[in-house]
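Quick notes on the structure that follows.
Just so you know, residue 1 is the first one in the sequence shown, and it goes up from there.
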Amino acid sequence: MWPHTVLQRDFTQRENGKQGFVMDRFDIKTGHNVAVIWDNSTTAESQTRLVQDIRAVTGELGYVAMENIERLRMSAHRESTFDLVFSGLAPGSATVHSSEIFAEIARILKPGGRFYFREPVCVSGDFNKLKTGSQLSTTLKLAGFTEITEIHTDPPTAEELSSIKQSVGYQGNNLIKKELMAKKPNFEVGSSAQLKLSFLKKAKAAMEKPQLDANTRKAWTLSAMDMNDDDVDLIDSDELLDEADLKKPDPASLRTMDCGDGKKKKRACKNCTCGLAEELGGKGSKDVKMLQVKSSCGSCYLGDAFRCASCPYMGMPAFKPGEKILLADQTLTDA
């Protein structure tokens, strides 16, 4: 069994005139801001001694705050306030930390700040109010802590065991007390930083155009000064045309070519597209019929009262069937 806790030995050394144990163990320095968390499992005298020893090291430039674990989340401390946080280190402490308390401690610690604490651990894992050693490390990691270091693992004293059983209602004997140090990362939660990625430089270099040799670039470059150089041969575009290209075409050669083999009478093909049908005017071809424009309703000649809404004769007076009517250009629109 553990007759005296480490802090009890430290308190004894302090009373015997050996100062500086807090600074040696926890690397407290002048000007540090420190938070001490306590609960009802410890006495006021032990907590007072701990705070006095810390203040003796931090000095007037430092700041030491005492917070009850039940009211820590209501204390409204700003983010990144403390360099160190202590919890459950006073003799006889039976403090059990929840995941919410771990997260709050991580919030109020400065980047790179350290958290020292002691907590009873159930070895068998058969009591849900106490964590096992692995569960304790996992909870710290989920709260945002890194570099979790185990400092001491010892069985609780009779006083501590009685306090634990009274606080959490545990009736077994498979308990140990772990003292750990957890460190907050050197950055604040939610902070951002620009990453320097090497492959971006390679991709940018691959996209850049290759550099040509100076002599090669000069050989393939034509500047304004080169236009007056006698060594540069310029070709006149008119010299590319021969005499046949310059002759004016005969109008007879522009007429439509004969369809068929030329032995039969010239006739236009069905669905003629060469213009022969228009040239013959519908004569000499039984397949070509002149389009007869007919009214879709048959009432266009009767007047506006009988005409369709889209009738091109709308607004014109009535006329006789078959009479030739000339439409103005403004009435002819595309459908």
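Counting only heavy atoms from C-beta outward, the side chains of Trp38 and Leu50 never approach each other to under 4.5 Å. Side-chain atoms of Arg118 and Ser93, non-hydrogen and from C-beta on, never get closer than 4.5 Å to each other. Contact of the Asp154 side chain with the Lys177 side chain is not registered, since no non-hydrogen atoms from C-beta on lie closer than 4.5 Å.
Here salt bridge (Lys or Arg N to Asp or Glu O under 4.0 Å) pairs that include residues 89-103, with residues two or more places apart or in two chains, number zero.
From Leu175, atom CG reaches atom CG of Leu130 across 6.0 Å, with rounding to the nearest 0.5 Å. We find the CG-CZ distance between Leu302 and Phe319 to be 8.5 Å, quoted to the nearest 0.5 Å. To the nearest 0.5 Å, atom OG of residue Ser99 and atom CD of residue Glu104 are 12.0 Å apart. Rounded to the nearest 0.5 angstrom, Glu150 CD and Glu179 CD are separated by 10.0 Å. The SG atom of Cys311 sits 8.0 Å away from the CG atom of Asp304 when rounded to the nearest 0.5 Å.
Counting all heavy atoms, side chain and backbone alike, Ala65 lies closest to His77 at CB-CE1, 4.5 Å. Minimum interatomic distance between Lys129 and Val96 (heavy atoms only, all atoms of both residues): O-CG1, 3.8 Å. Closest approach of Ala103 to Ala143, counting heavy atoms only: N-CB, 3.8 Å. Nearest heavy atoms, Ser87 versus His97: OG-NE2, 2.6 Å. Considering every non-hydrogen atom in both Lys184 and Thr146, the closest pair reads C-OG1, 4.3 Å. Residues Pro185 and Gly144 come closest through the heavy atom pair CD-O, 3.1 Å.
Salt-bridge check for Glu119 with Lys131: passed, with a basic side-chain N closer than 4.0 Å to an acidic carboxylate O.
Remark: Glu67 pairs with no residue by the salt bridge (Lys or Arg N to Asp or Glu O under 4.0 Å) rule, at least two apart or across chains. With sequence neighbours excluded, the residues forming a salt bridge (Lys or Arg N to Asp or Glu O under 4.0 Å) with Glu45 are Arg49, listed by chain and number. Every salt bridge (Lys or Arg N to Asp or Glu O under 4.0 Å) that Asp83 has, sequence neighbours left out, goes to Lys110. Checked against side-chain hydrogen bond (donor to acceptor under 3.5 Å, both in side chains), Ser134 has the following partners two or more places apart in sequence or in another chain: Thr132.
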**Request:** With side chain to side chain contact (heavy atoms under 4.5 Å, CB included) as the test, would you mind laying out the steps for Met66 and Gln47 before giving the verdict?
**Result:** CA-CA 9 Å; Met66 289 188 66; Gln47 293 291 344; 3.8 Å; yes
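Asp242 places a side-chain N or O within donor-acceptor distance of the main-chain N or O of Asp245, the cut-off being under 3.5 Å. With Arg307 contributing its side chain and Cys300 its backbone, the two residues share a donor-acceptor pair below 3.5 Å. In this structure, the side chain of Ser162 does not engage the main chain of Ala158 through any donor-acceptor pair within 3.5 Å. Remark: the backbone N or O of Asp39 is paired with a side-chain donor or acceptor of Thr42 at under 3.5 angstrom.
With Val57 as the fixed residue, the side-chain contact (heavy atoms from CB on, under 4.5 Å) test singles out one of Asp27, Val34, Val64, Ile28: Ile28.
The neighbour count for Arg107 CZ, taken as heavy atoms of other residues, nucleotides or ligands under 6.0 Å away, is above 12.
Counting Ile, Leu, Val, Met, Phe, Trp and Tyr side chains that sit under 4.5 Å apart, directly or through other members, Leu109 shares a hydrophobic cluster with Ile37, Tyr63, Ile69, Leu72, Phe82, Val85, Ile101, Phe102, Ile105, Ile108, Phe115, Phe117, Val121, Val123, Leu136, Leu140, Phe145, Ile148, Ile176, Leu180.
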